[in-house]
Protein chains: 2
Amino acid sequence: MLTRSEEDHLKAVHALLQDGASAFTKDIAERLGTKASSVTVMLKKLTDKGLLKHEPYYGVKLTGKGQTAALRLVRKHRLWETFLVERLGFGWDEVHEVAEQLEHVSSDKLTDSLDEYLGHPRFDPHGDPIPDRNGKVQSRNIKPLAGCLVGERVRIAAVKDPSDPLLQLLDEKGIGIGMVFEVHARQAFDGSLELRRKQGPPSTLSALVAAQLLVEPARP
Amino acid sequence: MLTRSEEDHLKAVHALLQDGASAFTKDIAERLGTKASSVTVMLKKLTDKGLLKHEPYYGVKLTGKGQTAALRLVRKHRLWETFLVERLGFGWDEVHEVAEQLEHVSSDKLTDSLDEYLGHPRFDPHGDPIPDRNGKVQSRNIKPLAGCLVGERVRIAAVKDPSDPLLQLLDEKGIGIGMVFEVHARQAFDGSLELRRKQGPPSTLSALVAAQLLVEPARP
DNA sequence: AACATAAATTAGCCTTGTCTAAAATATATA
DNA sequence: TATATATTTTAGACAAGGCTAATTTATGTT
């Protein structure tokens with residue numbers, strides 16, 4: 001059984017390793033709002049429990065056991081986010097903090113029942129994949145919107161680092177997961193993009209925001 | 001903001017005071033699976049926070065603020081139990097432990113959304129009333145014992161017309177307000193009922209007496 | 001009244017998880 | 001290569017919340 005703090009550290013490591021990056025003590029601390037010295041202690045503890053490999057002064061890697069545990073947490077987090085948005089009517093920018101608490105409730109029966117109740121969703125409201133009960137995630141052909149060519153037709157698949165201000169901005173511009181756009185123009189001087197949708201007004205996005213949006217190919 | 005342990009103690013006090021009984025340190029400890037000495041410390045802490053009145057060596061009472069906080073916990077607990085049973089298909093005997101965890105999730109928006117999602121239920125799967133967002137509890141779901149079915153588990157809530165001889169009779173049979181029984185058998189020919197309690201001997205009541213007793217559903 | 005017993009409290013210790021400050025290590029630069 | 005800097009780890013302190021053991025208070029009995 002893991003404590004809440006252990007779970008938080010495990011999830012932070014998993015999140016940092018996600019993008020192919022490596023997980024450093026200071027990054028974990030920053031992500032959790034604690035100090036590096038505290039993280040060191042927890043890393044040792046999780047290593048002793050066989051959840052990760054921690055070579056002092058070098059990086060951290062997840063063991064198979066740690067990977068499994070981390071994926072269970074991710075699964076719970078994203079299932080709860082889905083529940084909050086789809087059933088309780090939360091905005092997609094209001095769910096993170098609450099899901100952060102709900103994910104620590106430990107009951108396999110609860111998790112699996114919720115999964116079934118929601119119809120085994122494979123992606124959460126932010127477009128991130130939900131691991132199934134065996135830890136399998138559905139993979140997709142996604143890339144940053146910023147790298148798309150003019151004329152490409154794409155579906156918004158996910159938000160890379162979903163911060164509240166960013167989600168709110170997207171909400172204001174009427175951009176959400178699952179929506180389909182055509183890249184209509186790119187400003188050479190600042191890299192901003194103009195998107196067209198089938199109906200409704202076009203939207204202009206800064207290069208910075210476009211780099212945060214992950215898209216998948218969409219049929220015309 | 002209350003810690004989880006503070007919430008647990010507050011709820012224990014509230015539960016003990018429910019039946020008109022008084023809350024003693026050792027009872028709280030027993031209920032929480034801790035030691036009396038630990039409880040004493042927490043009682044002092046909650047008293048300092050203005051949630052209860054604790055006269056050392058005498059009892060504990062809830063302040064208005066404490067009552068409000070306790071009712072919010074009860075509300076969350078029972079709403080989650082309802083959700084688990086009605087939506088996720090849990091058995092009524094499987095929900096307590098999970099609801100015990102879920103009730104500590106702090107988000108008013110979550111609680112109120114859940115309440116609305118469930119259609120503002122007024123009683124949980126055990127028949128216990130669910131306080132509304134202002135702490136109001138629905139007048140209880142009471143009915144004459146005489147109309148109960150064999151197998152029902154009920155708490156004695158009131159005596160309809162309390163005459164001295166009747167009260168004396170009940171006293172002799174060891175029956176009082178707040179006690180919980182299971183209706184174990186009904187004699188067809190005269191309508192008399194046999195009641196079983198958790199410990200101790202069974203009691204047989206005439207149909208006349210059973211008509212005088214008002215009961216409410218009780219959890220096992 | 002005096003004493004025995006039960007319950008509550010206090011005192012002191014332990015574990016967990018955090019912190020700060022100091023020491024150790026790795027890395028970049030002159 | 002030597003050294004400056006950034007990062008990590010270690011050492012020691014502290015608060016929360018639990019425990020045991022000893023003390024205090026209330027209550028019941030002779």
Side-chain angles (χ1 to χ4, degrees), chain A residues 1-17 19 21-62 66 69-70 73 100-101 103-106, chain B residues 1-17 19 21-62 66 69-70 73 97 100-101 103-104 106:
Chain A
M1 184 56 79
L2 298 181
T3 66
R4 177 164 183 153
S5 180
E6 286 167 342
E7 288 189 342
D8 284 338
H9 282 77
L10 194 63
K11 210 174 64 130
V13 170
H14 179 264
L16 287 168
L17 293 175
D19 311 328
S22 34
F24 291 106
T25 304
K26 79 171 166 59
D27 300 319
I28 300 168
E30 186 179 1
R31 188 170 257 269
L32 296 176
T34 61
K35 301 296 180 179
S37 57
S38 309
V39 171
T40 299
V41 178
M42 291 302 295
L43 292 184
K44 176 161 178 6
K45 202 171 173 189
L46 289 171
T47 299
D48 291 346
K49 288 198 173 187
L51 295 166
L52 31 96
K53 279 271 190 290
H54 177 218
E55 294 281 342
Y57 292 102
Y58 288 85
V60 184
K61 295 288 173 211
L62 288 166
L73 285 169
E100 202 75 12
Q101 295 184 64
E103 76 189 357
H104 293 290
V105 174
S106 71
Chain B
M1 185 56 78
L2 298 181
T3 66
R4 175 163 186 155
S5 180
E6 286 168 344
E7 288 189 343
D8 284 337
H9 282 78
L10 194 63
K11 210 175 63 132
V13 170
H14 180 264
L16 287 168
L17 293 175
D19 310 327
S22 33
F24 291 105
T25 304
K26 80 171 165 58
D27 301 319
I28 299 168
E30 187 178 2
R31 187 171 256 268
L32 296 176
T34 61
K35 301 296 180 178
S37 56
S38 308
V39 171
T40 298
V41 177
M42 290 303 295
L43 292 183
K44 175 161 181 4
K45 203 171 171 189
L46 289 171
T47 298
D48 291 346
K49 288 198 174 187
L51 294 165
L52 24 102
K53 278 273 190 286
H54 176 219
E55 294 282 341
Y57 292 103
Y58 288 84
V60 184
K61 295 289 174 209
L62 288 167
L73 285 169
E97 190 193 344
E100 202 75 13
Q101 295 183 65
E103 76 190 357
H104 293 289
S106 71

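Letters go in sequence order (proteins before strands), and every chain restarts at 1. This one's a predicted model, so the numbers in the text were calculated from it and none came from an experiment.
Not one N or O on the side chain of A/E7 forms a donor-acceptor pair closer than 3.5 Å with the backbone of A/L73. The backbone N or O of B/E30 sits nowhere less than 3.5 Å from a side-chain atom of B/T34 that would complete a donor-acceptor pair.
The line from NZ of B/K11 to CG of B/L16 is 11.5 Å long, rounded to the nearest 0.5 Å.
Residues from residues 2-12 of chain A with heavy atoms under 4.0 angstrom of DNA chain D: there are none.
Each of A/V41, A/L51, A/T3, A/L32 was evaluated against A/H9; a single residue qualifies, A/L32, per the side chain to side chain contact (heavy atoms under 4.5 Å, CB included) test.
Residues B/L17 and B/V60 are not in side-chain contact: their nearest non-hydrogen atoms beyond the backbone lie 4.5 Å or more apart.
Qualifying side chain to side chain contact (heavy atoms under 4.5 Å, CB included) partners for A/K35, counting only residues two or more places apart in sequence or in other chains: A/S37, A/S38. In this structure B/D8 satisfies the side-chain hydrogen bond (donor to acceptor under 3.5 Å, both in side chains) test together with B/H104, sequence neighbours excluded.
Summarising the geometry, the separation between CD1 on A/I28 and C1' on D/dT7 is reported as 13 Å, rounded to the nearest angstrom. Whole-Å rounding puts the A/K35 NZ to D/dG12 C1' distance at 18 Å. Going from atom CG of B/L32 over to atom C1' of D/dC19 covers 15 Å, rounded to whole Å. Nucleotide C/dT16 holds its C1' atom 13 Å from the CG atom of A/L46, rounded to whole Å.
Among all heavy-atom pairs drawn from B/I28 and B/A23, the shortest one is CD1-CB, 4.5 Å. The two residues A/L43 and A/L52 come nearest to each other via the heavy atoms O-CD1, 3.7 Å.
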Listing time: all N or O pairs from protein to nucleotides 2-5 of chain C that are below 3.5 Å?
none

Please write out each protein N/O paired with an N/O of nucleotides 6-11 of chain C under 3.5 Å, distance rounded to 0.1 Å.
{"from": "C/dA8", "atom 1": "OP1", "to": "B/T25", "atom 2": "N", "distance (Å)": "3.1"}
{"from": "C/dA8", "atom 1": "OP2", "to": "B/K26", "atom 2": "N", "distance (Å)": "2.8"}
{"from": "C/dA8", "atom 1": "O3'", "to": "B/Y57", "atom 2": "N", "distance (Å)": "3.4"}
{"from": "C/dT9", "atom 1": "OP1", "to": "B/H54", "atom 2": "NE2", "distance (Å)": "2.7"}
{"from": "C/dT9", "atom 1": "OP1", "to": "B/Y57", "atom 2": "N", "distance (Å)": "3.2"}
{"from": "C/dT9", "atom 1": "OP2", "to": "B/T25", "atom 2": "OG1", "distance (Å)": "3.1"}
{"from": "C/dT9", "atom 1": "OP2", "to": "B/T40", "atom 2": "OG1", "distance (Å)": "3.0"}

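Legend: side-chain hydrogen bond (donor to acceptor under 3.5 Å, both in side chains) pairs involving residues 46-58 of chain B, not counting sequence neighbours, sorted by first then second residue: B/E6-B/K49, B/K44-B/D48.
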